[in-house]
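Here is the structure we will look at, set down as structure tokens.
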There are 2 protein chains.
Amino acid sequence: MARRSDHSRDELTRMALAAARKIIAKQGLRGLSTRQIAAGIGYSPGTLYQLFEDLDDLILHINAATLDGLIEACRDVDLAAGPEAALEELARRYISYVGNNRGLWNAVFEHSLPEGRIAPDWLRERTRSLLGLAERAIAPLFQESEEAARRHEAQVLWASLYGIAALATAGKLPPGESPETMVQSLVQNSVAGLRSRRARP
Amino acid sequence: MARRSDHSRDELTRMALAAARKIIAKQGLRGLSTRQIAAGIGYSPGTLYQLFEDLDDLILHINAATLDGLIEACRDVDLAAGPEAALEELARRYISYVGNNRGLWNAVFEHSLPEGRIAPDWLRERTRSLLGLAERAIAPLFQESEEAARRHEAQVLWASLYGIAALATAGKLPPGESPETMVQSLVQNSVAGLRSRRARP
DNA sequence: AATTATATTGACCGACGATCAATTTCAATG
DNA sequence: CATTGAAATTGATCGTCGGTCAATATAATT
């Protein structure tokens, strides 16, 4: 019951997050508990409350890291390759990443904060960053001045992608339906639709 | 500690579901507990286990009822009014219903079963029914023989709608972005895209 | 060496989901 | 109407949970 100095505070934080990630990946958010995390790193549950505000805060950090992984996976996509190609590549990596991190991805949208509490800015920034990718991908379809419309359409695409991935990872798609083909349809329909609607508005 | 016969088994079930709905609507899934439900109907927690398998089962019933409400709200949409009109009306009611039942809707996609357990058929039927609506709405864009493609595109639309509604009810949309305009963009882009892509495949 | 600050813990709180023997009532039987 | 058997309801109870805190042992500072 004292200072151990086996690990620095940052090390401890990383260890806790890693342990929690492992649990979520294997058993989902349901299986996550402070006691399990603590057992995983050889400390007592109380120590976690020195690293994180509470379990919600810890989960938010996990989710931020999950989004960071997705951002990283999309980092070197050629956004100037044309709307179809760029969006398709983004969507492909999105689905691939989500598929390889089902449990963690589920946690992103299964988690919700208690009644009054609001998501922190540093988490929202992650989704804003992902939105920016989609926005740049479809930029050729818009005038420079149409920033609002560009953002709006990117938001629609992002939300749609989100829906497809969410249903897929939660196992709520009928058998025979794959998220890969779904996002492909989404992208092609959306881009074709944007082209034709913006040609004759 | 005995048979009361104040209420029939069905009455009790309805009361329990109503009490649970009230809690979810006000405090979300987090606030739901067997003890709170039991207190809400003046019975002990143990009694609930005679009406439902466990708390998960109860939540699944709640979610089924929530989906039934949406189905009911979409019941009299004129699906033969053309793809754009039909889909837009469906989407409008979808967003309206979800907006009026935020907590309950959140529960639909926040809830997940423990590791091995699978969603019951009677719940999947609900989503299949909603999928059928979208499928009929876009039917004019397909040949009779293209059943697979029709179902596939309906599934994409349904999942996209789902994503928009999910982000909206979870408060994860940026300010200034409304789900109403988003679904309108989605529908118009998708239909226009389908038209143009199917004209020149 | 003495003092201050801080990290860590075990014990503890209230609440949770779930189970079950005990008990009381209802329904069926004679 | 009396007896029996089935069913429903409960309180007690188990193990677990998130979270708090005084006690304590170590590290840092003087």
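Residue numbering restarts at 1 for every chain, and letters A, B, ... go by the order of the sequence lines. Just so it is clear, the structure is predicted and the values come from calculations on it, not from any experiment.
Counting only heavy atoms from C-beta outward, the side chains of B/Leu67 and B/Trp105 approach each other to under 4.5 Å. Within the 4.5 Å cutoff, no side-chain heavy atoms of B/Asn189 are placed close to those of A/Val156. In this structure, B/Phe52 and B/Thr34 have side chains that are not in contact, with every pair of non-hydrogen atoms separated by 4.5 Å or more.
Of the side-chain N and O atoms in A/Ser33, none sit less than 4.0 angstrom from OP1 or OP2 of D/dT16. Neither OP1 nor OP2 of D/dT9 sits under 4.0 Å from any side-chain N or O of B/Ser44. Dashed line: the shortest gap from a side-chain N or O of A/Arg4 to OP1 or OP2 of D/dA27 is not under 4.0 Å. Between D/dT10 and B/Thr47, a contact under 4.0 Å exists linking OP1 or OP2 to a side-chain N or O.
The shortest non-hydrogen separation linking B/Leu48 to B/Ala38 is CD1-N, 4.1 Å. Considering all non-hydrogen atoms of both residues, A/Glu110 and B/Phe109 come closest at CG-O, 4.2 Å. Of all heavy-atom pairs spanning A/Leu60 and A/Leu123, the tightest one is CD2-CD2, 3.6 Å.
A donor-acceptor pair under 3.5 Å is absent between the side-chain atoms of B/Arg93 and the main chain of B/Cys74, judged by distance alone. Looking at A/Arg9, its side chain does come within 3.5 Å of a backbone N or O of A/Gln50 through a donor-acceptor pair. The backbone N or O of A/Arg92 sits nowhere less than 3.5 Å from a side-chain atom of A/Ser96 that would complete a donor-acceptor pair.
A heavy atom closer than 4.0 Å to some atom of DNA chain D occurs in A/Asp54, A/Leu55, these being the qualifying members of residues 51-61 of chain A. Looking at residues 6-31 of chain A, you'll see A/Leu12 sit with a heavy atom under 4.0 Å from some atom of DNA chain C.
For the pair A/Ile37 CD1 and D/dT16 P, the computed distance is 17 Å after rounding to whole Å. Computed from coordinates, the A/Leu32 CG to D/dG18 P distance equals 7 Å when rounded to whole Å. Per the geometry, CG belonging to A/Leu48 stands 16 Å off C1' belonging to D/dC21, to the nearest Å. The separation between A/Arg35 atom CZ and D/dT20 atom P is 13 Å, rounded to whole Å. Going from atom CD of B/Gln50 over to atom C1' of C/dT24 covers 14 Å, rounded to whole Å.
With D/dT13, D/dT10, C/dT9 as the candidates, the nucleotide lying closest to the side chain of A/Tyr43 is C/dT9. Considering only the side chain of B/Thr34, C/dG17 comes nearest among C/dT8, D/dG19, C/dG17.
Contact annotation for B/Tyr49: base contact, defined as any heavy-atom pair under 4.0 Å involving a base atom. Nucleic acid contact class of B/Ser5 (heavy atoms, under 4.0 Å, all strands): sugar-phosphate only.
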